[in-house]
Protein chains: 4
Amino acid sequence: MSKKAIVLQTTLELITTQGIAATSLSQIIKKSGVANGTVYHHFKNKDEIITELYLMLTQDFGTVVMRNAPEDDLKKQFTVMWLNLFYYFVNNPLAFIFSEQIARSPEIPQTLKDEARQYYNDIQDYFKKGIKAKVFKSYNTLVMEELFFGNVVSLVKIHENETVKLKEKHINQAIEISWRGFLKDDTIL
Amino acid sequence: MSKKAIVLQTTLELITTQGIAATSLSQIIKKSGVANGTVYHHFKNKDEIITELYLMLTQDFGTVVMRNAPEDDLKKQFTVMWLNLFYYFVNNPLAFIFSEQIARSPEIPQTLKDEARQYYNDIQDYFKKGIKAKVFKSYNTLVMEELFFGNVVSLVKIHENETVKLKEKHINQAIEISWRGFLKDDTIL
Amino acid sequence: MSKKAIVLQTTLELITTQGIAATSLSQIIKKSGVANGTVYHHFKNKDEIITELYLMLTQDFGTVVMRNAPEDDLKKQFTVMWLNLFYYFVNNPLAFIFSEQIARSPEIPQTLKDEARQYYNDIQDYFKKGIKAKVFKSYNTLVMEELFFGNVVSLVKIHENETVKLKEKHINQAIEISWRGFLKDDTIL
Amino acid sequence: MSKKAIVLQTTLELITTQGIAATSLSQIIKKSGVANGTVYHHFKNKDEIITELYLMLTQDFGTVVMRNAPEDDLKKQFTVMWLNLFYYFVNNPLAFIFSEQIARSPEIPQTLKDEARQYYNDIQDYFKKGIKAKVFKSYNTLVMEELFFGNVVSLVKIHENETVKLKEKHINQAIEISWRGFLKDDTIL
DNA sequence: TATGAATGAGCATTCATTCAT
DNA sequence: AATGAATGAATGCTCATTCAT
């Protein structure tokens, strides 16, 4: 494992537990066992570590949402997308934190934020398709996409909360609630 | 306006624009025009400013959700609760930030988090009532509450995003999506 | 008990446990329960508290050494002086600290140090008398006085050291060692 | 000379003239010409500078007392020990200050105090030998050792006091007084 | 590639003191 | 006599970063 990889991994762990702002370079250096100068040999500055980490983590974000999602069945596709996103966040806590902090955090440059934004297009396209198919009511697709995304996030937050044990049943309920919100009145559920 | 109030107000403004971690005491001092020592005369330390601010802002959070919500009409009550929460967050950006950061931020002590948690009880009670009235499907109420809350948050985030202009129509769409997700199959919408 | 007295007493206690330099005004204020301004109403500044305390404690220092010391019996007088000093320090830990710190501490102005010096004259006079009476060898009286004083201090330090329990026997041994050091060769012990 | 050595040396000089508590880091930085961060690169905190300094200075303390002291002649050994200690303190003012402050100062951790304590064992052993040889009266050896030590300290204090000029004659007198105090009645002086 | 010494701006906090009430 | 708000210099310490090896 290269020194560079060690630094990235260590930073990942620290940010996951403490947040971006609370994570200092000296902490990274101390925890990683890598020398001061070595960090600066591989990264121009602290922000570059964050950025590189961010790119690493969001790289597969675009593909992850649509993975194994059957394009011919809207409901099934919805469920798979929902679960893809949910487990991606559950298994990549940092990606989740980043995704949550992106909007606000001044540490992430706007260009990166915009880049991340594009991954959402797949979700938006999905809703456009659903509306066209007259399965969904013709709501604003940005609103739909954000609510969809927010629903997943809500469940991840429950899952993250150590005091509550989330069962599969609850996840299915959440997906159902999420799905039914978008339906047309006469859609056979 | 007392020096203490000035410090609180200034801190509020700085945190709203920069986040908690990025706001330094020297910034507060410079912007407020209050002397270094004066801040420490009124507050034990920096955290106490944050905490006091948080208490100030969440004090009315409990009452805000249920304000003017008609108890006899579930749908109307839902709409009013939804909008109450939405505009509360829109008008109290810091309260919003806090509410978003509570789960994660180590800067907010656990006691405060627990205190905040109780405000959610009203929402949960509402869903219990709806299930009893056979209007809502009998989902887990914690899940329902979190999804409801998350939906509001999603819209606030769209609203916050400067590049997108949120119209009343979109808000109504969001409320509708949110509401319909919880309904029983045979409920007249 | 007047506020002024409370401040002095509190300062005394703090200095005894922490030393002069480590004792801050805010500590005094917090511990005494007296208001900030009240301290400055009674004392010009922090040094004046120390000085006043010092004067209070050294006031009776001069009389204490010779108290109940029979002037006609050199040996008895020696013992009484020795014990007077010993128990004075044991019972007035601050006076002891002061007396130990005087030489070095820049916090005590030189004028005060000189003033304290005069109290030692009684001891020096005693040794002059003893030399004249041919009981003591004619050593330099300053040396004698300092060694005498130092011997008492040594025992106080043992006494102060919590891990060692000083018995009366040991004190008597110390006095004897102290006394015999000064004697002429042919003096009947 | 390394920056670390410069910091230690500068701190030594400052403490010698002003005392530990009165010596601030900014003074050390200003006087040493070393940057703020450099100090903290070499030392974990201010206390570590003091501790390291203390260890440096007391390292040879153990050997110093017994240096060149003939083991076969009790009186000569006494004189050499006495002078060794005296000149060690005179030439190492900081060691003297430390040794004086050890008992009281909360700035010196207990572990260091205990470590210093062991150096005194040689002195105590000497007195045990003297008692066994029936040259000294069988006083408590801790008392003897403390009085011996205190006598040296008394003379160092006279020496330190700028207003008094200590001559060799006075030192010899002090040694004689010190020595005679311990003797048995019938010992040929 | 890797190291760690060196830097100085900036941090939260404590300090002794002043002043209006 | 007593209070406590207000002050700003100073403290110990952390920070991200530079540089010579």
Side-chain angles (χ1 to χ4, degrees), chain A residues 2-4 6-7 21-30 32-50 107, chain B residues 2-7 21-30 32-50, chain C residues 2-4 6-7 21-30 32-50 107, chain D residues 2-7 21-30 32-50:
Chain A
S2 76
K3 297 268 175 180
K4 182 172 178 178
I6 291 172
V7 169
T23 299
S24 75
L25 246 165
S26 59
Q27 278 181 310
I28 296 171
I29 288 160
K30 214 165 284 172
S32 67
V34 159
N36 189 355
T38 307
V39 174
Y40 277 88
H41 179 71
H42 291 288
F43 306 93
K44 219 186 78 194
N45 53 31
K46 191 192 166 189
D47 278 353
E48 204 175 86
I49 309 179
I50 309 291
E107 277 122 342
Chain B
S2 76
K3 297 266 175 177
K4 182 174 178 178
I6 292 172
V7 170
T23 299
S24 77
L25 240 151
S26 59
Q27 280 180 310
I28 296 172
I29 287 159
K30 216 166 280 174
S32 67
V34 159
N36 191 340
T38 308
V39 175
Y40 280 88
H41 179 69
H42 292 289
F43 305 93
K44 223 184 76 197
N45 51 33
K46 194 189 164 189
D47 277 358
E48 203 175 84
I49 309 180
I50 310 290
Chain C
S2 76
K3 297 268 174 179
K4 182 171 178 178
I6 291 172
V7 170
T23 299
S24 75
L25 245 166
S26 59
Q27 278 181 310
I28 296 171
I29 286 161
K30 213 166 284 173
S32 67
V34 159
N36 188 354
T38 308
V39 174
Y40 278 87
H41 179 71
H42 291 289
F43 305 93
K44 219 184 80 196
N45 53 32
K46 190 190 166 189
D47 278 355
E48 203 176 86
I49 308 179
I50 308 291
E107 278 122 339
Chain D
S2 76
K3 296 267 175 175
K4 182 172 177 176
I6 292 172
V7 169
T23 300
S24 76
L25 239 151
S26 58
Q27 280 181 310
I28 296 172
I29 287 160
K30 214 165 283 174
S32 66
V34 159
N36 192 340
T38 308
V39 175
Y40 281 89
H41 179 68
H42 292 288
F43 305 94
K44 222 185 74 198
N45 52 34
K46 194 188 163 188
D47 277 358
E48 204 177 84
I49 309 179
I50 309 291

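Here is the naming used below: chain letters follow the sequence lines, and residue numbers restart at 1 for every chain. For the numbers below, each heavy atom of this structure counts, side chains included, while hydrogens, waters and symmetry mates do not. Note that the structure is predicted; figures quoted are calculated from it, not measured.
- Considering CD1 of D/I50 and CG of D/D47, their distance stands at 7.0 Å, rounded to 0.5 Å.
- The residue D/K3 sits close only to the backbone: its heavy atoms come under 4.0 Å of sugar-phosphate atoms, none of a base.
- Extent of DNA chain F lying under 4.0 Å from chain B heavy atoms, first and last nucleotide in 5' to 3' order, is F/dG4 to F/dA10.
- Residues passing the side chain to side chain contact (heavy atoms under 4.5 Å, CB included) test with D/K3, sequence neighbours excluded: D/V34, D/T38, D/H42.
- Minimum heavy-atom separation, B/T23 to B/K46: O-NZ, 2.8 Å.
- A/L25 CG to A/I49 CD1: the interatomic distance, rounded to the nearest 0.5 Å, is 5.0 Å.
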Inset, instruction - Kindly express the pairing pattern of DNA chain E in dot-bracket notation, using | wherever a base pairs with another strand and counting only Watson-Crick or G-U pairs under 3.5 Å. - result: .||||||||||||||||||||

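- Residues meeting the side chain to side chain contact (heavy atoms under 4.5 Å, CB included) test with C/S24, sequence neighbours left out: C/S26, C/Q27.
- The two residues D/V39 and D/I29 make their nearest non-hydrogen contact at CG2-CG1, 4.0 Å.
- By the side chain to side chain contact (heavy atoms under 4.5 Å, CB included) test, B/E48 pairs with B/F43, B/K44, B/N45, sequence neighbours left out.
- Here the CG-CD1 distance, from D/N36 to D/I28, works out to 11.0 Å after rounding to the nearest 0.5 Å.
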Nucleotide N/O to protein N/O under 3.5 Å, stretch nucleotides 10-13 of chain E:
from   : atom 1 : to    : atom 2 : distance (Å)
E/dC11 : OP1    : B/S24 : OG     : 3.2
E/dC11 : OP2    : B/S26 : OG     : 2.6
E/dA12 : OP1    : B/L25 : N      : 3.3
E/dA12 : OP1    : B/K46 : NZ     : 3.1
E/dA12 : OP2    : B/L25 : N      : 2.6
E/dT13 : OP2    : B/Y40 : OH     : 2.8
E/dT13 : OP2    : B/K46 : N      : 2.8
E/dT13 : O5'    : B/Y40 : OH     : 3.3
E/dT13 : O4     : B/N36 : OD1    : 3.4
E/dT13 : O4     : B/N36 : ND2    : 2.5

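- Mapping D/G37 and A/G37 onto DNA chain F via the closest heavy atom, the residue that lands nearer the 5' end is D/G37.
- Applying the 4.0 Å criterion to OP1 and OP2 of E/dA2, one finds that A/H42 has a side-chain N or O inside that range.
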